[in-house]
Amino acid sequence: MIPERDCARSDAEVRRTAAAFARPSLGRALLQLLTSFGPFVAGCAAMYLALPLSYPLALCLALPTGLLLVRIFIVQHDCGHGSFLASPQANALVGRLCSLATLTPFGNWRRQHGLHHADWNNLDRTSGGSDIYSACLTVRDYLARTPRQRLLYRLPRHPLIANVLLPPLVFVLLYRVPFDTPRGWVRERNSVFLTDAALAVLFATLAALLGWREVLAVHLPVMAVASIVGVWLFTVQHRFETAHWSREGQWSFVGAALAGSSWLRLPRVLHWLTGNIGFHHVHHLNPRVPNYRLDAAHGAVQKIRKVRGLSLRDSWHAPWLTLWDEASGRLVRFSQAEDQALHGATHGREHGMTDPTPAARYRVTVTRRGPPPRPFGWEVCRRGDGAEMMRSSETFQARHEAIADGERAARNLDALPDD
């Protein structure tokens, strides 16, 4: 048992420890820019030189070049959080420079991503919309849909579609239009169009100098590799075997960061190529920690609150985990949810249900299993009189602070010049 006083103190200590690393370093930032753009440009040049000799050789070079583009995207990601450099204007400038390589409109993506950080792994806030990678339905809600609705929900989330076919289309085509940007976000919508104009000038120049076939043969494979790897990383950051999701009233800031975001244990070279984003639990504890300090911040946080790492081998199962089972308190596959519903059919007939629906079958199964486990981020604490009580290990005030911080970051965009 953890004394109630220690519950709050431990969470506050974890947040203070992560905040100590929220310090940009100009030297390390400039070094990362040099070691990201330099090898990336060299990789693209090598692919252009290899094209006349052997296109399969050029395609082989697309793999390391695409991984270097992921590293550039993490720089853009940090600039969006205002963590890469100390100056907001410098972050905006570098972020827009990165967007010419990543094909991702900086201003629009920055605000959209800020909403994710306001309330992640919350079943009441992330169960719909266009985000199919970090959003999640419960088994009960999924089975309550009609067969056609379940098919339409399930089809785009198949790993082959969601993690292989869609990512290149999203970055190359879908980001060319403000497809899910509210009309009231005028600056963000303009950032899409201005980025498109800049990209048109850039690639028209490359096509005039090198030939449009050569430009497509080099940059499309690179973007395909980068987008597939990047989207896979984003998928496993919040959907993995031991990840926890909760309802609005049970949501906890530190709990959602440490138990709902992954620590992906990668080889050192892959941590370097992916900008340390594998330490995603620390990133959610404090988005102001720049990627070049995440490793050190993780080591400090780990001394206070142990977090179980996710191996590269275990991460391959993550794209199949798409529904939250409130009965067992874990993520499950679509097939597991369907099996639960079919298994409950027999019990439903025993309860007088002549033709139980999938959702009703699931309710019967849940009833027979007993109550769901305690919500994550909550702990059993002992009061002074010896009685036990359930309390959140993070106050709701901290959770609202997190939401306010995300909204504040979005409002601060108005102080920056147009894209």
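Scope of the values below: all heavy atoms of this structure, side chains included, with no hydrogens, waters or symmetry mates.
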Between [X] and [Y], is any side-chain donor less than 3.5 angstrom from a side-chain acceptor?
{"X": "His280", "Y": "His298", "result": "no"}
{"X": "Ser191", "Y": "Asn108", "result": "no"}
{"X": "Asp78", "Y": "Asn291", "result": "yes"}
{"X": "Ser83", "Y": "Arg288", "result": "no"}
{"X": "Gln237", "Y": "Ser261", "result": "no"}
{"X": "Arg305", "Y": "Ser10", "result": "yes"}

Q. Looking at Trp263, does the NZ or CZ of Arg308 lie under 6.0 angstrom from its six-membered ring centre and within 45 degrees of the ring axis?
A.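 Judged by the rule (NZ or CZ under 6.0 Å from the ring centre, within 45° of its axis), Arg308 is not positioned above Trp263.
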
Q: Please confirm whether Arg157 makes a cation-pi placement over Tyr153, using NZ or CZ under 6.0 Å from the six-membered ring centre and within 45° of the ring normal.
A: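 Ring-cation test returns yes.
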
Q: List in chain and number order the residues that pass side chain to side chain donor-acceptor pair (under 3.5 Å) with His77, two or more places apart in sequence or in another chain; answer none if no residue qualifies.
A: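 For His77 the side chain to side chain donor-acceptor pair (under 3.5 Å) partners, ignoring immediate neighbours, are His81, His113, His283.
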
For the pair [X] (side chain) and [Y] (backbone), establish whether a donor and an acceptor sit closer than 3.5 Å, ignoring hydrogens and angles.
{"X": "Gln149", "Y": "Thr146", "result": "yes"}
{"X": "Gln302", "Y": "Val307", "result": "yes"}
{"X": "Ser315", "Y": "Leu312", "result": "yes"}
{"X": "Gln76", "Y": "Thr104", "result": "yes"}
{"X": "Arg176", "Y": "Asp196", "result": "no"}

Q) What about Trp120 and Trp245, are their ring centers closer than 6.0 Å? A)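 No, they do not, as the ring centres are separated by 6.0 Å or more.
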
Q: Verify whether the ring centers belonging to Trp232 and Trp316 lie closer than 6.0 Å.
A: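 Between Trp316 and Trp232, which both carry aromatic rings, the centre distance is below 6.0 Å.
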
Q: Can you spot which of His284, His244, His238, Arg239 makes a side chain to side chain donor-acceptor pair (under 3.5 Å) with Asn121?
A: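 Going through His284, His244, His238, Arg239 one by one, the side chain to side chain donor-acceptor pair (under 3.5 Å) with Asn121 is satisfied by His238 alone.
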
Q: For side-chain contact (heavy atoms from CB on, under 4.5 Å), just list the numbers for Trp212 and Leu206, CA-CA rounded to whole Å, side-chain angles, deciding distance to a tenth of an Å, and then say yes or no.
A: CA-CA 8 Å; Trp212 65 269; Leu206 289 175; over 6 Å; no

Does [X] come within less than 4.0 Å of [Y], counting only side-chain N to carboxylate O?
{"X": "Glu338", "Y": "Arg150", "result": "yes"}
{"X": "Arg247", "Y": "Glu326", "result": "yes"}
{"X": "Asp325", "Y": "Arg330", "result": "no"}

Considering only heavy atoms from C-beta outward, does the side chain of [X] approach that of [Y] to under 4.5 Å?
{"X": "Ile277", "Y": "Arg71", "value": "no"}
{"X": "Asp314", "Y": "Phe240", "value": "no"}
{"X": "Leu285", "Y": "Val301", "value": "yes"}

Q: Go through the structure and list residues passing ring-ring contact (aromatic ring centres under 6.0 Å, His included) with Trp272, not counting sequence neighbours.
A: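 In terms of ring-ring contact (aromatic ring centres under 6.0 Å, His included), with neighbours along the sequence ignored, Trp272 is linked to no residue.
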
